[in-house]
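Read the structure below first, then the notes.
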Amino acid sequence: MDEKKLQIELQNRVQQKLLPLFIRYGLDYSDLESALKWKPLVLLIGNYSSGKSTFINELLGQDLQRTGQAPTDDSFTIITSEGPDKEEGEIPGSVLVNDETLPFEFFKAHGEQFIAHFRLKRVSAPFLENMALIDTPGMLDAVTEKDRGYDYMTVVSDFAKLADLVVLMFDPHKAGTIKETYTAIRDTLPESSTEDRILFVMNRIDECDNLSDLVRSYGTLCWNLSQMTGRKDIPYIFLTYAPAMAEQTTDLSSWSMERDQLKEKILTAPQFRINHILQNIDQQVNELQMISEAMAVFSKQGRELLANAAKFWITAGALAFFSSGLIMNKLTGFPEQTFLEAMISGSIDLSSFVIPVSGVALISLLSGFWFVKWSFPRFARKWRESAANLVNLNTEYKRRLWTKVAVKVEALLDTATVKELLGGHIRNLDKIRRFLQKDLQGFYNKIR
Ligand SMILES: Nc1nc2c(ncn2[C@@H]2O[C@H](COP(=O)(O)OP(=O)(O)OP(=O)(O)O)[C@@H](O)[C@H]2O)c(=O)[nH]1
Ligand SMILES: [Mg+2]
């Protein structure tokens, strides 16, 4: 299977079938669009000095990234090879966020300070032809984070959204800072991708004084992880160290393989690319579906309101038809003969209809005005207050999905007009369901 071809096919299909619906329901399409662009990405995050850059240099077999004991590198660096014909060198963030072939356009929103700390380094390494690594500045404590001039956590979570693999690296002494980072990325990853996109790495284990120190650090970490993930089973944690830096005071031979296993795992990231794209689409289309479902229920209820109002208008209209002549006659003495009298006396002609029809027109106009200006806005406001009742939240998954889309539905209800009562939502819902059941399932089957 040609992954690249499949990716392009998927990109076209999504654009053709879903883009209009994303616009219609006020969902941001750029996330999905970015996820479909460019090559597989591996994101390395973790506390400062945990050894991210050292690890990357080791993968590359050259000293590309600066390393050091204090917080060393305050930049987000994409590291990749752009084919043998391109020269090695750096591309600044300002160029990256304006290049529409790259998935970083929406990072512009993080502002100048971020852009000044963003760059791409081209290196020639065969394994980077179909993959890019992202080295990140280490997570600092909350107080120092404020000085960065951009929101580090949201930048990290935006990168995590794009990444096919996130390596969460920490050293035994600063495992505490990992919690916030983990929470930030967990919320952005699709529900279905469980933990398979995150690799946990405890690095610099050579610095543990002895085995019991290592076991204690590992235990603390497991405890922290189970607190963070809310799960009883502990995800696999790679225990590693940089052989070149290691202080060989402890016998580490049992763990010497883990570094290689971690590297191998990172090299397999491209294989999961399509699967991750499908998970992303799946998640976003499910959000779209929920919005559309809510609006479909709203419009159905609205049509019932309209039907009830219509019954009332028809009665009022009939009354107006027969009584308007009488009322006019009583008020102004005109017309001399009401419609009913004309009917009884058999002298009915076209002019007898003028007053009754005008009466009906007046009632229709007033009722229409009343519905559009008073009854419908009141109805929309009522649903706006209790929007969650528009959808069936019978599972945990749906409840979580709702927390993501509630604001979108509320925004649609805020601006709803009587046009919402046309049948469009049901048709849209059909399209979305068909996409999930046929198109997306088809792609899942292809990669199996
Ligand atoms: N003993 C030991 N030292 C290491 C290991 N890995 C990295 N170091 C050293 O730790 C320091 C920090 O490593 P970096 O690779 O710069 O860490 P980083 O995570 O990139 O740090 P920031 O870029 O500041 O976030 C450097 O001096 C490395 O030489 C390791 O496994 N064991
Ligand atoms: Mg670094």
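The shown structure was predicted, so the numbers you read here are calculated from the model rather than taken from an experiment. Atoms within each ligand, like the ligands themselves, are counted from 1 in listed order. We count residues from 1, following the sequence as given.
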Task: Part of D206 with heavy atoms under 4.0 Å of ligand 1, whether side chain, backbone, both or neither - done: side chain

Open item on the list: Heavy-atom distances under 4.0 Å decide this one: backbone, side chain, both or neither, for Q65 against ligand 1?
Closed with: neither

Among side-chain atoms of [X] and [Y], is any donor-acceptor pair under 3.5 angstrom?
X    : Y    : answer
K108 : N98  : yes
S50  : D171 : no
N203 : R259 : yes
Q65  : K52  : no

Heavy-atom nearest option to [atom], drawn from [options]:
atom                    : options             : answer
atom 12 (C) of ligand 1 : G68, G51, A242      : G68
atom 21 (O) of ligand 1 : G138, G46, S53, S49 : S49
atom 10 (O) of ligand 1 : K52, M245, R204     : R204

Task: Sub-3.5 Å N/O-N/O distance, Y241 and ligand 1 - done: no

Task: Sub-3.5 Å N/O-N/O distance, D135 and ligand 1 - done: no

Task: Interatomic distance, Y444 atom OH to I281 atom CD1 [nearest 0.5 angstrom] - done: 8.5 Å

TODO: Using a cut-off of strictly less than 2.8 Å, determine whether S53 has an N/O/S atom near the Mg ion (ligand 2).
DONE: yes

- [ ] Answer yes or no on whether K446 is positioned over the face of F443, meaning its NZ or CZ is under 6.0 Å from the six-membered ring centre and within 45° of the axis.
- [x] yes

Task: Proximal atoms of ligand 1 relative to T54 (non-hydrogen, under 4.0 Å) - done: 7 (C), 13 (O), 14 (P), 15 (O), 28 (C)

- [ ] Report, in ascending order of atom number, the atoms of ligand 1 lying under 4.0 Å from any heavy atom of E207.
- [x] 1 (N)

Open item on the list: Show me the pairs that pass ring-ring contact (aromatic ring centres under 6.0 Å, His included) and involve residues 413-434, at least two apart or across chains.
Closed with: Y25-H425

